[in-house]
Amino acid sequence: MKISKEEVLHVAKLARLNLTQEETQRLMADMESIIGFADKLNELDTDGVVPTAHAIPMQNAFREDEIKESYPREEILKNAPSTDGDGFLIPKVVE
Amino acid sequence: MDIYQLTAHEIRDMIKEKKISSKEATQSALARIHAVEDKVESYVTVLEEEALAQAEAIDANIASGEAGALAGVPMALKDNMCTKGILTTCSSKMLYNFKPPYNATVTEKLLEAGTVLLGKVNMDEFAMGSSTETSHFKKTKNPYDITKVPGGSSGGSAACVAADEAYFSLGSDTGGSIRQPASLCGCVGMKPTYGSVSRYGLIAFASSLDQIGPLAKDVTDCAMVLNQIAGHDPKDSTSVNIQHPDFEKALTGDIKGLKIGVPKEYFGAGISGDVSAAVHAALDNMKAEGAQYTDMSLPLNEYALPAYYMISSAEASSNLARFDGVKYGFRAEKFDDLIDLYCQTRSEGFGAEVKRRIMIGTYALSSGYYDAYYKKAQQVRTMIMNDFTKAFETYDVLVTPASPTTAFGIGEKTSDPLQMYMADICTVSVNIGGLPAIVIPCGYDASGLPIGIQIIGKPFDEATVLNAAFALEKTITKVKPNL
């Protein structure tokens, strides 16, 4: 499996990563070897095999939809990189 | 013998019998941290004053007769488990300043049981690694040889217990992250069945594989800690609502008639001769105790590692999407707009291995590759699980090496990611199957480095696994590191 520079940059865009030249080169080689390693899975015939998402069989866990107290706003905002005291501050997105 | 050398259950019993106080046990562990932490570097955060205050408060509780099951026992938590108001960094620049507003369920349960939190211990960044070298903060050393790695990703948890810097610790295990460092550091580590221990407040790596478990000085300690942390939690919808037995009481040491399967695929290429010999010697010890072992086959084992890296990286790429510089943690200083804020924050906040896993996972989930990689890996997961189910129709437990080699050198495997991934070759299939497995030391190589043996059990049959390990442990002479 050959991984092109364009593919690396496309995946990086999906993953919200800005890569340096050096990182891009490195990832081309690393992804090629790791994805190549995963190509080993193609040796197995999996036609008709049901995929497993979860090791232990279980159904949805439901609970009563009750109104409960949440965390105090100031407790949550303590970890915010930027805040005006009421919410999280981000760069303007609407003109 | 100094207090810090004692096991957690000895400390628990001595505090209960009022032979020592929690404060004395805490002071001894802190003194040990002062003495050896320069060499071992297992802690990200040491809570000296807080721990002493907590110990004094618990001593007062004990005096008034209100003490939990582990009253006064000092311990350390891996730095991906939330601790209210206490730094929880995942050993990443991304969370260098994160103080959770709540406790993980395991934190809450251990505090209710009366344990004292000594600090938070080092790990591979976001638990991605097998050597604790991807930590943003420091490289933890193996207490048996400080030029070697402690394993990973729970390297701090294993090293602090092996170095007697904590009486026990908790780690998390996604592909071997408790068991492989336990093997390399000569301590006891257990990954419980998926769903046995709540993951609420564990910063997620791969949600269908992650499980929290103890790293301890012996099997009794491991059972004792598991008793406290296992159980259903409404806050984790994947935690299972069953009645767990008393794991400590299950340690009878009687393994007469225990049927052990020994899968030959775990003894093939890449497994060192020392490791293979020590595991076989341990099997003979178990036979002498009345167990029977038979060579058998798990033919799909070689597919477990590639399936694991597809599934775990895909889940990681999704889980780590939340780190964007808005709600908590690191934010880049320079950015053009909102999207660039996300991109710059993630590019500067994540280390190379985390970025690599996010890229692999995003690739495996992306349009055009989803069926070929992610779905394919999940289908192989089904086939590997069927292999285990079939094996457990015949055998009570399976026994394998825990790591292909003893501890490797710092820097030895950092240039080639695939070579590092091979360090998990004995452990990942257990996570794919959601099974319980323990690792205990079963010998030492020519340079005195510990060799670990892995005992794998049926889902929710931790009791049998622990008892088999307990019986074996009695036949092994343990050697402490010389720090």
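Side chains are part of it too, since the values below use all heavy atoms of this structure and drop only hydrogens, waters and symmetry mates. Here is how names work: the chains are called A, B, and so on, in the same order as the sequence lines, proteins then strands, and each is numbered from 1.
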Q. Which of these passes side-chain hydrogen bond (donor to acceptor under 3.5 Å, both in side chains) with B:Gln379: A:Thr46, A:Thr52, A:Asp45?
A. A:Thr46

Q | Nearest-0.5 Å distance, NZ of residue B:Lys355 to CG of residue A:Leu27 | A | 8.5 Å

Q: Anything under 30° is parallel, anything over 60° is perpendicular, the rest tilted; go ahead and classify B:Tyr102 against A:Tyr71.
A: tilted

Q) Among residues 347-354 of chain B, which ones touch chain A with a heavy-atom distance under 4.5 Å? A) B:Ser347, B:Phe350

Q. Do A:Ile34 and B:Arg356 come within less than 4.5 Å of each other through their side chains, counting heavy atoms only?
A. yes

**Q.** B:Leu418 CG to A:Asp30 CG distance, which is reported to the nearest 0.5 Å
**A.** 8.5 Å

Q. Chain A heavy atoms under 4.5 Å from B:Ser317: which part of the residue, side chain, backbone, both or neither?
A. neither

Q. Heavy-atom distance under 4.5 Å to chain A: side chain of B:Phe460, backbone, both or neither?
A. side chain

Q) What are the residues of residues 321-334 of chain B, in order of number, with any heavy atom under 4.5 angstrom from a heavy atom of chain A? A) B:Gly325, B:Val326, B:Lys327, B:Tyr328, B:Gly329, B:Arg331

Q | Worked check of side chain to side chain contact (heavy atoms under 4.5 Å, CB included) between A:Lys92 and B:Asp337 | A | CA-CA 8 Å; A:Lys92 192 170 181 182; B:Asp337 53 20; over 6 Å; no

Q. Can you name the nearest heavy-atom pair linking A:Leu41 to B:Lys376, along with the distance?
A. O-CE, 3.1 Å

Q: Could you list the residues that satisfy ring-ring contact (aromatic ring centres under 6.0 Å, His included) with B:Tyr369, not counting sequence neighbours?
A: B:Tyr363

Q) For A:Leu77, is it the side chain, the backbone, both or neither that has a heavy atom under 4.5 Å from a heavy atom of chain B? A) neither

Q | Heavy-atom closest contact (B:Tyr303 atom, A:Lys40 atom, distance) | A | CE2-O, 3.5 Å

**Q.** Any donor-acceptor N/O pair, B:Arg346 side chain to A:Ala15 backbone, under 3.5 Å
**A.** yes

Q | Contact summary for A:Pro51 and B:Thr382, nearest pair of heavy atoms | A | C-OG1, 3.6 Å

Q: Using heavy atoms and a sub-4.5 Å threshold, report which of residues 55-65 of chain A line up against chain B, by residue number.
A: A:Ala55, A:Ile56, A:Met58, A:Ala61

Q) Considering only heavy atoms, which portion of B:Thr238 lies under 4.5 Å from any heavy atom of chain A: side chain, backbone, both, or neither? A) both

Q: Name the region of B:Met310, side chain, backbone, both or neither, that has any atom closer than 4.5 Å to a heavy atom of chain A.
A: side chain

Q: Can you see which heavy atom on B:Ser415 is nearest to which on A:Arg26, and at what distance?
A: O-NH2, 3.0 Å

Q | Interface moiety of B:Ile432 toward chain A, non-hydrogen atoms closer than 4.5 Å | A | backbone

